[in-house]
Amino acid sequence: MSDLADLSIAEARDGLRKGDFSAVDLTNAAIYRAAVTESHLHAYLTLDQEGARDAARKADADLADGVDHGPLQGIPLAVKDNMTTRGIETTAGSKILSGYVPPYNATIIDKLHDGGAVLMGKTNLDEFAMGSSTENSAFGPTRNPWNTDRVPGGSSGGSAAAVSVGSAFGAFGSDTGGSIRQPASLCGLVGVKPTYGLVSRYGLIAFASSLDQIGPFARSVRDAATLLESVAGFDIRDATSYRGERPAISSHLDAGVKGMKIGIVAELTGEGIDAEVNDACRAMYNKLSDAGAELVEMSLPATEYALSAYYLIAPAEASANLARFDGVRYGLRVDGETTEDMMSKTRAEGFGPEVIRRILLGTYALSAGYYDAFYGQAQKVRTLLRNDFASAYEKVDALVSPTSPTTAFAIGEKTADPLSMYLSDVCTIASNLGGDPSGSVPIGLDGDGLPIGFQVMAPALHEAQLFRLAAEVERLAGFDARPALATSEVKPA
Amino acid sequence: MPIEIDIAKVARLARLALSAEELARYGSQLEDILEHAERVSALPTEGVPPTSHPLPMTNAFRADEIRPSLDREEVLEQAPARQGEYFRVPRILGET
Amino acid sequence: MTDWEAVIGIETHVELQTKSKMFCGCAVNFGAEPNTTVCPVCLALPGALPVPNHEAIEGILRIGAAFGCELVEDSLFHRKNYFYPDLPKNYQISQYDVPLCINGHLDIDVEGDEVTIGITRVHMEEDTGKSIHSSDSGRIHGADYSLLDFNRSGVPLVEIVSEPDIHSPEQAREYAAELQRVVRTLGVSDVRLEEGSVRFDANISVRPVGQKEFGTRAEVKNMNSLRSLQRAVAFEIERQIGVLEAGGVIVLETRHWDEGTGTTSSMRSKEESADYRYFQEPDLVPLHVDDAWRKRVFASLPELPAARRSRLVASGIDHQAAATLGEVADLAALFDAAVELGADGTAVANWLTGDVVAYLRRNEVELEETSLAPEHLCELAGMVADATLSSTAAKDVLGYVLAGEGTPAQVAAAHDLSQISDAGALEAEVDRVLAGNPDVLEKLRQGDMKPIGFVVGQVMKATRGKADPQLVSDLIRSKAGAS
């Protein structure tokens with residue numbers, strides 16, 4: 001029974017319909033896996049066993065009645081705790097929202113419900129999605145299943161850890177500067193950030209509005225495509241939601257890469273990237289070439305400035321998005337003599353240091369007198385970056401690079417120096433600024449047994465191309481390792 | 001190029017009550033980060049339009065239709081302080 | 001002795017009466033119970049997103065077009081960032097350097113002087129919630145705590161900014177009044193000052209006549225009627241002149257008008273002008289108003305008050321009546337309909353602007369609540385024209401028709417108001433009066449026509465106002481003539 005937790009979504013879906021097991025069986029397996037691993041990992045902030053079992057029972061009953069809601073019916077999934085769930089505490093990893101219970105569901109949650117999915121619970125994250133290690137959570141860090149002294153990456157570390165260890169079959173996170181792809185890379189998973197606007201942001205607690213996107217974590221490319229297909233699509237409640245025809249996503253998973261022209265991002269090789277990561281990626285470039293793709297080096301000069309532009313744009317938008325947390329209508333309130341006093345004390349106490357740092361940074365970057373030099377200039381650099389990508393995509397069908405410059409680093413290693421933490425995002429940031437889709441595929445382990453992730457990027461709305469390449473990388477890598485913790489024989493810590 | 005920030009003013013604008021020690025710490029961290037971020041000014045950007053949006057979309061509207069509002073009790077339940085049907089706040093300093 | 005010139009600009013906020021709010025589907029409902037028309041968006045719950053109301057955009061474009069503005073092809077929404085408890089997001093979605101409408105104007109007429117007031121811009125934004133302060137005065141000062149109602153949060157708000165082309169309290173009042181008429185005619189808002197669906201703030205400064213530079217201005221708020229506005233502007237001008245003539249300086253600040261004391265007082269200094277940190281709203285995409293849309297907007301404009309007044313005057317209605325008809329859109333519509341049916345315009349105009357307006361005020365009802373129809377007015381005019389009713393009786397009939405008793409004919413019959421036009425019957429009355437007043441008859445025969453009025457009056461009294469006064473007059477004259 002406990003092996004069930006290690007099935008892929010595709011296998012679970014088939015098994016359910018063949019009657020090999022029930023949704024309740026799957027759910028119990030995931031709950032059990034969580035029970036034995038949570039003390040090691042702390043992937044979840046809220047585990048909703050009752051709700052999960054109820055949903056599983058309903059999924060089974062519907063299937064028995066011949067009502068098929070789709071591939072996610074009866075599948076236990078986890079969701080990052082920055083997506084609102086009605087009646088279930090949603091904290092965004094912050095003390096300022098501790099105990100907050102939203103009165104409405106994020107659109108993605110409604111879609112998952114409609115699809116008959118089983119929601120296991122809400123996973124841990126860096127506070128307000130600001131971070132690259134999940135160490136900024138107000139409720140304690142999440143640990144990497146491959147080595148619990150290491151970080152799972154961030155900000156969607158909890159979702160990554162849960163899928164990696166098997167306490168969820170798949171999960172959703174959010175990606176603003178790499179927060180899905182980098183944890184996927186550090187935890188040996190597939191993680192995808194779709195084209196900006198493809199998945200509704202309604203109900204996603206905003207960090208940086210023009211960069212945030214919701215995306216899937218899975219243990220296979222096919223599963224990731226299934227997850228994305230289930231939640232993509234226009235939503236009238238999100239004005240930035242893409243209104244055109246929904247692009248194909250899983251149509252080319254078996255097409256292979258013959259004839260594809262692939263660009264290796266020159267600025268993301270060599271210096272600044274770990275030797276083992278570089279080697280693994282270079283090996284993959286060769287394999288892709290052997291598989292029939294044409295690999296060329298592409299220079300995108302503006303990528304040198306992407307990190308700088310990101311660390312002006314994202315905090316600026318965040319400083320305004322987080323202004324609503326003021327102790328007036330919900331969340332933490334620290335009393336004050338005046339409302340101004342109350343708001344200032346509430347925010348100073350409710351927000352952690354990284355959030356405060358970014359709010360100050362953003363507020364400054366937008367201030368009178370500094371706007372042109374900082375925020376204004378960063379938005380122009382963004383245009384230059386998009387131009388670079390646009391010219392590149394005239395010559396190639398996709399771009400590749402490492403996902404993260406390192407494998408999982410130690411807990412506490414980068415917390416003293418904010419700048420060093422920011423550098424974790426150097427490979428992933430460009431596609432947030434541009435809005436194009438990108439994903440990470442695990443391709444091997446380093447000498448310490450830690451996963452290495454390979455990043456694939458495609459033009460906007462070319463998800464089919466993205467998944468086509470990702471599927472081939474997955475096939476060529478043959479990566480099927482699982483962390484030692486991914487078993488139900490584990491003893492709680 | 002060293003950058004000097006009036007961190008106390010920024011904290012006031014952002015409604016963050018920070019101690020003198022915290023202000024000093026954040027101030028110096030911000031200066032470090034900004035020196036790094038300031039690299040963007042190296043790029044020539046005359047005539048380059050800013051990108052505020054990855055998608056080239058315009059006119060994303062909704063029709064003028066009434067949708068159900070929230071149940072008041074569910075709303076006020078989350079209020080840190082309420083008085084009857086209202087949210088309550090301590091005295092406000094300035095008038096708009 | 002310096003000659004001073006007042007320089008005034010007015011900022012107007014108009015609440016649009018769309019069905020739903022600007023960025024969410026909550027109802028726009030003026031009288032709703034507190035905190036019942038709220039949702040994640042207008043309460044700024046975590047995760048909520050704004051989506052613009054198409055009808056509100058149509059509304060603001062119509063307002064801009066009505067003021068002759070250029071409807072900007074590509075415009076943007078911006079965030080205006082400041083912390084305040086009635087502003088849930090602690091930023092307001094507004095427009096900054098690229099508003100929807102620019103470069104318009106409004107012509108006003110102040111006692112014969114025609115002035116053109118420039119309109120710099122018209123832009124879209126959202127309203128805030130309402131706060132109730134616990135102090136006795138209801139003002140912030142002295143309040144221990146405040147209560148918040150977010151029903152109004154997110155209601156579509158249009159801001160209209162005038163150039164500083166206004167130079168007197170009378171002009172300020174007339175600008176505000178005409179602006180209200182224009183917006184009301186468009187049907188996008190009932191622009192009621194007392195209800196808050198329109199708010200006026202005045203920026204006032206003075207300078208010596210001939211000086212090019214503007215003096216320091218003060219912004220005055222809290223004027224809840226047109227009369228208030230005029231008084232406040234007048235007071236502030238005098239106050240500023242007083243300060244300057246005494247050698248003082250005007251402080252850049254916001255001042256609160258107090259209707260009770262008839263004075264403005266300082267609210268807060270505008271010196272440290274707020275740093276709103278404007279940046280383009282990333283949750284919204286830009287607005288694009290193409291040629292076809294612009295043409296449609298201009299084509300959809302109804303006849304505006306100025307044009308209607310001109311048309312009425314050109315058709316023979318006097319200025320005052322034309323102006324009054326223009327005050328209330330439905331009065332003018334009723335007028336037009338009646339004239340269309342063939343009624344005499346002057347008579348109808350007089351009834352509408354006189355008796356009907358008085359009736360509505362006295363009984364505190366709206367025109368729609370009465371059953372007055374264009375047909376009634378047409379019929380009434382006809383009955384006066386053919387002498388079935390005297391003009392005095394017509395007013396009574398009108399009153400009964402307004403009260404819902406029926407058509408003019410029905411009412412006249414029911415109340416026996418028909419004019420007596422039977423020459424024989426009237427002659428008898430005339431004879432009776434003359435017989436009772438021989439000295440009057442003698443005067444008349446002498447050619448002194450002065451007593452005619454007296455005789456007519458007596459006949460009217462005897463017939464309870466039903467006699468045709470013209471006929472009576474003619475009869476008297478003929479009797480005077482005959483000897």
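The chains referred to below are lettered A, B, ... by the order of the sequence lines, with proteins before strands, and numbering in each begins at 1.
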For Pro50(C), is there any backbone N or O sitting under 3.5 Å from a side-chain donor or acceptor partner on Arg62(B)?
no
Which portion of Leu87(C) sits near chain B, non-hydrogen atoms under 4.5 angstrom
neither
Please look at Phe23(C) and chain B and tell me whether the side chain, the backbone, both or neither of the residue comes under 4.5 angstrom of a heavy atom of that chain.
backbone
Proximity breakdown for Ala14(B) and chain C, heavy-atom pairs closer than 4.5 Å
backbone
Is it the case that the side chain of Asn35(C) and the backbone of Glu85(B) share a donor-acceptor pair, with hydrogens and angles ignored and the cut-off at 3.5 Å?
yes
Portion of Glu33(C) that has a non-hydrogen atom of chain B nearer than 4.5 angstrom
both
Rounded to the nearest 0.5 angstrom, the CE-CG distance for Met57(B) and Leu284(C) is 10.0 Å
Within-4.5 Å side-chain heavy-atom neighbours: Asp86(C) and Ile92(B):
no
Given that the side chain runs from C-beta out, which part of Asp144(C) has a heavy atom under 4.5 Å from chain B: side chain, backbone, both or neither?
backbone
Nearest-0.5 Å distance, CG of residue Leu45(C) to CD of residue Gln78(B):
8.5 Å
Answer yes or no: is there a side-chain heavy-atom contact under 4.5 Å between Asn59(B) and Leu287(C)?
yes
Scanning both residues in full, the closest heavy-atom pair of Ser69(B) with Thr37(C) reads OG-CA, 3.4 Å
So, the side chain of Asp64(B) versus the backbone of Lys19(C): is there a donor-acceptor pair under 3.5 Å, distance only?
yes
In this structure, CG of Asp71(B) is separated from OG1 of Thr36(C) (nearest 0.5 Å) by 10.5 Å
Value rounded to 0.5 Å, distance of CD in Glu65(B) from CG in Asn53(C):
9.5 Å
Minimum heavy-atom separation for Leu13(B) and Phe83(C), please, with both atom names.
O-CE1, 3.4 Å
Check: Arg91(B) and Ser134(C) side chains under 4.5 Å, non-hydrogen atoms
no
Working to the nearest 0.5 angstrom, can you tell me the gap between Thr58(B) OG1 and Leu76(C) CG?
11.0 Å
Measure distances from Val75(B) to the heavy atoms of chain C and classify the residue's part below 4.5 Å as side chain, backbone, both or neither.
side chain
With chain B as the partner, which of Ser135(C), Ala27(C), Ala56(C) has the greatest number of non-hydrogen pairs under 4.5 Å?
Ala27(C)
Scored by heavy-atom pairs under 4.5 Å with chain B, the best of Pro52(C), Cys42(C), Ser131(C), Cys39(C) is Pro52(C)
What option among Cys24(C), Pro85(C), Cys26(C), Ala143(C) has the most heavy-atom pairs under 4.5 Å with chain B?
Cys24(C)
I'd like to know whether CZ of Phe61(B) has more than 12 heavy-atom contacts from other residues, nucleotides or ligands below 6.0 angstrom.
yes
